[in-house]
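Input: a single structure, listed below in structure tokens.
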Protein chains: 2
Amino acid sequence: MKATIYDVAKEAEVSIATVSKVINQTGRISHSTRGKVLQVMKKMNYHPSFVATALTGKRTETLGLLVPDISNPFFSEIAKTIENHAHDKGKSVIICSTNYKQEKETKYIELLQRKQIDGLIITSGFQNKDLLQQMITSKIPVIILAHNDPSLNISVVSVDDFKGGFMATSHLLSKGHSNIAIIAEEVKSSTIRILGYEKAYESKNIKPDRGNILRTTASIENGKRIILDLLSRKIPPTAVFACNDLIAIGVIQGAREKGLNIPDDLSVIGFDNTILATTTVPALTTIAQPIEDMGEKVVDVIIDEIEKGSETSKKRILFIPELIVRGTTSDLKDTKD
Amino acid sequence: MKATIYDVAKEAEVSIATVSKVINQTGRISHSTRGKVLQVMKKMNYHPSFVATALTGKRTETLGLLVPDISNPFFSEIAKTIENHAHDKGKSVIICSTNYKQEKETKYIELLQRKQIDGLIITSGFQNKDLLQQMITSKIPVIILAHNDPSLNISVVSVDDFKGGFMATSHLLSKGHSNIAIIAEEVKSSTIRILGYEKAYESKNIKPDRGNILRTTASIENGKRIILDLLSRKIPPTAVFACNDLIAIGVIQGAREKGLNIPDDLSVIGFDNTILATTTVPALTTIAQPIEDMGEKVVDVIIDEIEKGSETSKKRILFIPELIVRGTTSDLKDTKD
DNA sequence: TTGAAAGCGCTAACAG
DNA sequence: CTGTTAGCGCTTTCAA
């Protein structure tokens, strides 16, 4: 059927060991036999089986990527850059989408281990710390992306969530808003953004209202649901800091349903700067994560750890977020109607 | 390091064959030994290596998925459903994004073969027919998704592009438009949508203007570029049928740049009904593809072909598209300004 | 510079 | 019902 190393060896009239050596460029072989083998390989359209190779203990040249929801543009965009960059470096990527379910995390991680991936990239929203710990001890390189949890001894590539939260809130504060709701995800990085939010208030000497801190899972629906809730309060917020673009869009849609004008009646700022932020009208003011840079960096780091072995010192790389002011935030209007 | 079948055998005081049998539920083993082996496996946290298993000729339980651009919401949404459904069926998915490059197609297909995937799902935009032919002859099941090319002897799961093109155009026609530009992708399914476009004209006894048929690659930028072009004609179109949502959004943005109001000055209809179609204002009128159904179906079909072997008769499954009328299309205004 | 042979972890006859 | 053994395709000593 498909050519094996034996077929090539026979055709080239050498031993399989010789063929193996020219494939891997190991040992010393005469120029002529090398040429001959190469030629036969090409002629027979031979490609070594990764499976057999992996069984001998070599790497599989495969990375695992765990995301909570590949249909969230933030993750699909990051997956794209990771995939591209990894392939440039000769690795392929198995992408698994966990749907925010712990059981799926567990299942996929076991699966990926069984497939002998060389390294694993996990992203924001990962919940099962024990599992992680287990992977670490089993020596397979793991990196966390966009999930800045200092309590784990793992390399991290992330945006500076604290700074991002601070910037977003400060922007709103500087526009005169003081009643700002923050809708955060139930993940670590959002927790840190909340810290930035509080810090921003603090530096203005205002006390944030704890009731203004909401948490949910990333989706348009949840954003909408929460803003509807918020809007039914006696004193609704005049601005919302949504911890990602999906939620921000839900907020905008919900507010519009209530007849509010964005940004005149409600300022909204998002986070991530995905494609969604550019397609709304007005376009969404948001905090940009350097998605491409982060994706490339995480690949570089994990490849480095794979090659250097697990003794490499763990890195913690924080990218600086950027405030992108577009049309969904404006100065607070006089409240006297 | 990691437990192997030998470790389990020794610990359970049986042979590896016995262990193998309980793993695979083959042969007959006494209840007691089975129990013991099971228990030891659990105790040692043993999981059979996929690599070793694959080498013996069994399946890898892995599917390949080739998309041209995972950051296009259509593909990331379809990838999500495929991934979910496949995992429910016990398969994992390797997603590769080719960036619309033939060389990458080639590279990934070779790679996937080397990894001994059980089946391959390729999507719209695939270009290299020869490669496909080669895969078919090499007996590995291949299915095409959203790319309805009757010239290939492969199973197809797709939306009815002809009907979709017809519906979109008819909708515009029924609104009084007769100067409708169609911006299609350079892929087969778009070609068929163009046929539907022409058919719609024909059934109204109008002759479409060939200059109104444009082709490009899916992206917001391209949509914008083309509409800007179109708008600079002496007699610009009054409506645009964009063959996907990304292009449609580019069209909207470009038209707005020129000061046009959507839909009053220009009606726009998209295709796909991705998340993007719901986030614009006004929301995008579009032709919906049943993404979930298609994704699930394609997984079912490929698993079926994997299990039944290549003698299964090839299927051609067409889903019916649906017109979703939202805010970007309206009746043609009187042209007298 | 080349080749023989052991072994990676598992499956699948075939014996017993 | 259980165990022995021969591969699967490749890498890697170790000899020649």
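Chain A is the first sequence line, chain B the second, and so forth, proteins listed ahead of strands; every chain is numbered from 1.
If you check every strand for non-hydrogen atoms under 4.0 Å, Thr33(B) touches sugar and phosphate atoms only. Ser20(A) comes within 4.0 angstrom of a nucleotide base, judged by non-hydrogen atoms across all strands. Within the 4.0 angstrom heavy-atom criterion, no nucleotide atom of any strand lies near Val51(A). Using a 4.0 Å heavy-atom cutoff across all strands shown, Val19(B) reaches no nucleic acid atom at all. Residue Lys58(B) is in sugar-phosphate contact alone, with no base atom involved, counting any heavy-atom pair closer than 4.0 Å across all strands shown. Among the atoms of the strands shown, none is found under 4.0 Å from any heavy atom of Phe50(B).
Proximity note for Ala52(A) (side chain, C-beta onward) versus dT2(C), dG9(D), dT11(D): the nearest is dG9(D). Listed candidates were dA12(C), dC10(C), dT1(C). Nearest to the side chain of Ala17(B) is dA12(C). The nucleotide whose nearest atom lies closest to any side-chain atom of Tyr46(A) is, among dC10(D), dG3(D), dT11(C), dC10(D). Checking dC10(C), dA5(C), dG9(D) against every side-chain atom of Ile16(A), the shortest atom distance belongs to dA5(C). Distance from the side chain of Thr56(B) is smallest to dC10(C) among dT2(D), dG3(C), dC10(C). Here the side chain of Leu55(A) is nearest to one of dG9(D), dG3(C), dT11(C), namely dG9(D).
Taking the charged nitrogens against the carboxylate oxygens, Lys80(B) and Glu292(B) have no contact shorter than 4.0 Å, which rules out a salt bridge.
Atom-to-atom, CZ of Arg28(A) to P of dA16(D) comes out at 21 Å; the value is rounded to the nearest Å. Atom CG in Asp7(B) sits roughly 11 Å away from atom P in dC8(C) (whole-Å rounding). The distance between atom NZ of Lys2(A) and atom P of dC8(D), rounded to the nearest whole Å, is 15 Å. In this structure, the CD1 atom of Ile29(B) is 12 Å from the C1' atom of dG3(D), given to the nearest Å. Rounded to whole Å, the distance from NE2 on His47(B) to P on dC10(C) is 12 Å. With rounding to whole Å, His31(A) atom NE2 is found 12 Å from dT2(C) atom P. What separates CD1 of Ile5(A) from P of dG3(C) is a distance of 12 Å, to the nearest Å. Regarding Arg59(A), its CZ atom lies at a distance of 15 Å from the C1' atom of dT11(D), rounded to whole Å.
Rounded to the nearest 0.5 Å, atoms CD1 (Ile117(A)) and CE (Met135(A)) are 5.5 Å apart. The line from CD of Glu305(B) to NZ of Lys139(B) is 12.5 Å long, rounded to the nearest 0.5 Å.
Judged purely by distance below 3.5 Å, without hydrogens or angles, the side chains of Gln113(A) and His47(B) never pair a donor atom with an acceptor atom.
Within 3.5 Å, a donor on the side chain of Lys21(B) pairs with an acceptor on the base of dG3(D), or the reverse.
Between the side chain of Thr62(A) and the backbone N or O of Thr60(A) there is at least one donor-acceptor pair closer than 3.5 Å.
Remark: Ser15(A) is in phosphate contact with dG3(C), judged by side-chain N or O atoms under 4.0 Å from OP1 or OP2.
Each of Tyr6(A) and Thr18(A) has a nearest nucleotide on DNA chain C; the 5'-most of these lies closest to Thr18(A).
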